[in-house]
Amino acid sequence: MAACVCSDIAKQQQKITVQIEKRRFGKVSTIIGGFDAGVDIKEIAKILKAKRACGGTIKNKVVELQGNHKGSIKPILVSMGFSEEQISE
């Protein structure tokens with residue numbers, strides 16, 4: 001029996017954006033958005049928070065990480081199976 005590759009195909013077709021947003025009191029957040037329903041956003045947020053050793057949350061299909069992690073998010077997402085060409089910073 002062949003394994004389902006639906007999640008791999010869904011990951012390759014995501015158009016992910018990584019941006020920085022300045023919040024109250026000068027705090028900086030990294031916003032990762034563009035996820036569709038085909039991926040487990042909760043699991044993605046869990047892995048990103050563990051790899052970057054920071055806090056974060058999920059709001060409206062967007063992952064918010066505390067701090068400026070813009071330069072280090074792309075390699076982590078690529079190692080998770082997302083297409084490098086589809087990730088814009």
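On a predicted model such as this, the values are computed, not experimentally measured, just so you know.
Between Lys27 atom NZ and Asn68 atom CG the span is 13.5 Å, to the nearest 0.5 Å. Taking CD1 of Ile87 as the reference point, atom CD of Glu89 lies at 8.0 Å (rounded to 0.5 Å). Interatomic distance, Gln19 CD to Ile73 CD1, rounded to the nearest 0.5 Å: 12.5 Å. Going from atom CG of Asn60 over to atom CZ of Phe35 covers 13.5 Å, rounded to the nearest 0.5 Å.
A donor-acceptor contact shorter than 3.5 Å is absent between the side chain of Thr17 and the backbone of Ser88. Side-chain atoms of Thr30 come within 3.5 Å of backbone N or O of Gly67 as a donor-acceptor pair.
Residues Lys49 and Leu65 are in side-chain contact: their nearest non-hydrogen atoms beyond the backbone lie under 4.5 Å apart. Residues Ile32 and Val62 have side chains not in contact (no heavy-atom distance under 4.5 Å, counting atoms from C-beta outward). Residues Ile76 and Phe82 are not in side-chain contact: their nearest non-hydrogen atoms beyond the backbone lie 4.5 Å or more apart. Residues Met80 and Ile47 are in side-chain contact: their nearest non-hydrogen atoms beyond the backbone lie under 4.5 Å apart.
When the side chains of ILVMFWY residues are joined at heavy-atom separations under 4.5 Å, either directly or via intervening members, Val78 and Val63 end up in a single hydrophobic cluster.
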Please report the C-alpha distance between Cys54 and His69 in whole Å, then the side-chain angles of each, then the deciding distance to 0.1 Å, and finally whether the side chain to side chain contact (heavy atoms under 4.5 Å, CB included) criterion is met.
-> CA-CA 9 Å; Cys54 66; His69 303 285; 3.6 Å; yes
Run the numbers on Glu85 and Lys15 for salt bridge (charged side-chain N to carboxylate O under 4.0 Å, His left out), then give the verdict.
-> CA-CA 9 Å; Glu85 294 82 30; Lys15 291 192 186 289; over 6 Å; no
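Every pair passing side chain to side chain donor-acceptor pair (under 3.5 Å) that includes a residue from residues 70-81 is listed here, sequence neighbours excluded: Arg52-Ser72.
The two residues Ile31 and Arg23 have their closest heavy-atom pair at CD1-NH2, 3.9 Å.
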